[in-house]
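Here's the structure, in structure tokens; my notes come after.
Letters A, B, ... are given to chains in the order of the sequence lines, protein chains preceding strands, and every chain is numbered from 1.
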Amino acid sequence: GAVVSQHPSWVICKSGTSVKIECRSLDFQATTMFWYRQFPKQSLMLMATSNEGSKATYEQGVEKDKFLINHASLTLSTLTVTSAHPEDSSFYICSARTLLDSTGALHFGNGTRLTVT
Amino acid sequence: SQKIEQNSEALNIQEGKTATLTCNYTNYSPAYLQWYRQDPGRGPVFLLLIRENEKEKRKERLKVTFDTTLKQSLFHITASQPADSATYLCALDMLRGSQGNLIFGKGTKLSVKP
């Protein structure tokens with residue numbers, strides 16, 4: 001149980017275009033989802049906390065107008081990278097917790113490798 | 001602010017040996033400390049959680065210890081296998097499994113040679 005599906009797994013786009021990444025909780029409801037960015041040999045960097053039915057909470061230094069997050073339902077959150085530039089190339093991962101899991105473990109998607117050319 | 005360090009970026013060991021990974025943190029002890037495995041190009045996968053009032057937790061070939069005095073957790077893999085090769089992340093949960101985020105270390109890349 002507690003499966004998080006992330007799509008697409010990789011995407012290549014041209015500079016200036018926008019890319020949408022989807023994160024779905026398949027067998028549980030996630031009122032909160034988290035979006036991360038990860039560089040090689042670096043830790044997971046939290047970008048924002050996505051709350052169902054309300055605005056996302058962004059970490060300091062993360063541009064909310066560039067990284068648009070929508071959490072329209074209890075099973076879906078989306079991250080849209082707008083006007084992408086090569087420096088946005090990275091590995092983006094989402095995660096969620098379920099109250100059914102008493103360990104409090106985070107359940108992660110398999111990530112999206114974004115390459116901006 | 002809370003900081004977390006994992007002892008080494010990479011650890012190479014021989015198959016069959018015990019791998020020991022270290023996670024140190026500063027300031028306040030977390031309510032829970034979690035360990036994850038991450039394979040290249042994949043999201044992390046939860047392995048074990050240990051609570052602040054627990055000294056040790058085991059799961060099959062995995063063992064985790066938690067010393068709040070030293071502000072340290074050790075993660076052991078006994079009888080290591082090449083399939084154990086991956087990056088292992090420790091994470092601090094300050095909020096007792098509530099809906100908050102975790103604080104992640106950079107990870108230690110373990111390579112088990114046959």
Side-chain angles (χ1 to χ4, degrees), chain A residues 1-10 21 23 29-52 54 56-60 71 74 90-115, chain B residues 1-11 21 23-25 30-52 54 57 59 62 64 66 86-111:
Chain A
V3 177
V4 174
S5 174
Q6 188 171 341
H7 180 80
S9 55
W10 60 270
I21 302 169
C23 181
Q29 294 182 334
T31 53
T32 303
M33 288 185 173
F34 304 97
W35 287 96
Y36 306 83
R37 188 170 176 176
Q38 188 176 36
F39 293 104
K41 298 184 180 180
Q42 294 297 313
S43 181
L44 294 165
M45 185 193 82
L46 180 67
M47 298 175 64
T49 301
S50 171
N51 303 298
E52 186 268 336
S54 64
T57 304
Y58 289 82
E59 296 299 299
Q60 192 172 8
H71 195 153
L74 287 171
S90 190
F91 191 54
Y92 294 86
I93 314 176
C94 67
S95 75
R97 271 172 152 157
T98 167
L99 294 174
L100 298 177
D101 183 348
S102 61
T103 67
L106 280 173
H107 301 279
F108 288 85
N110 270 327
T112 298
R113 172 72 58 191
L114 171 63
T115 303
Chain B
S1 61
Q2 191 75 319
K3 289 184 179 177
I4 182 169
E5 280 187 11
Q6 294 191 240
N7 60 324
S8 57
E9 200 174 290
L11 178 64
L21 286 65
C23 176
N24 294 292
Y25 59 91
Y32 300 161
L33 192 147
Q34 302 184 12
W35 284 89
Y36 290 78
R37 169 180 173 145
Q38 186 175 21
D39 289 286
R42 309 289 291 234
V45 175
F46 172 76
L47 294 175
L48 275 173
L49 171 147
I50 188 163
R51 295 177 172 80
E52 60 184 336
E54 297 175 322
K57 187 72 76 72
K59 178 182 177 183
L62 308 180
V64 172
F66 191 6
T87 296
Y88 291 86
L89 307 171
C90 70
L92 309 182
D93 182 348
M94 309 303 291
L95 300 176
R96 285 188 172 76
S98 74
Q99 293 295 296
N101 184 42
L102 306 180
I103 303 170
F104 283 90
K106 289 184 180 181
T108 296
K109 184 176 180 180
L110 173 67
S111 295

- [ ] Using side-chain contact (heavy atoms from CB on, under 4.5 Å) as the criterion, list what pairs up with B/Asn24, not counting sequence neighbours.
- [x] B/Thr22, B/Gln72

Heavy-atom pairs under 4.5 Å with chain A: which of [options] has the most?
options: B/Gly41, B/Pro40, B/Ala10; result: B/Gly41
options: B/Pro44, B/Gly105, B/Gly107, B/Ala91; result: B/Pro44
options: B/Arg51, B/Lys109, B/Gln38, B/Glu9; result: B/Gln38

Open item on the list: So, using salt bridge (charged side-chain N to carboxylate O under 4.0 Å, His left out) as the criterion, who are the partners of A/Glu52 when residues are at least two apart?
Closed with: none

Open item on the list: With a sphere of 6.0 Å drawn around CD of B/Glu5, does it hold more than 12 non-hydrogen atoms of other residues, nucleotides or ligands?
Closed with: no

TODO: Count the heavy atoms belonging to other residues, nucleotides or ligands that lie under 6.0 Å from NZ of B/Lys106, then report whether that count exceeds 12.
DONE: no

Could you tell me the separation between the [atom1] atom of [X] and the [atom2] atom of [Y], rounded to the nearest 0.5 Å?
X: A/Tyr36; Y: B/Phe104; atom1: OH; atom2: CZ; value: 5.0 Å
X: A/Leu106; Y: B/Leu102; atom1: CG; atom2: CG; value: 4.0 Å
X: A/Gln38; Y: B/Leu89; atom1: CD; atom2: CG; value: 7.0 Å

Task: Under 4.5 Å from any heavy atom of chain B - which part of A/Gln6 - done: neither

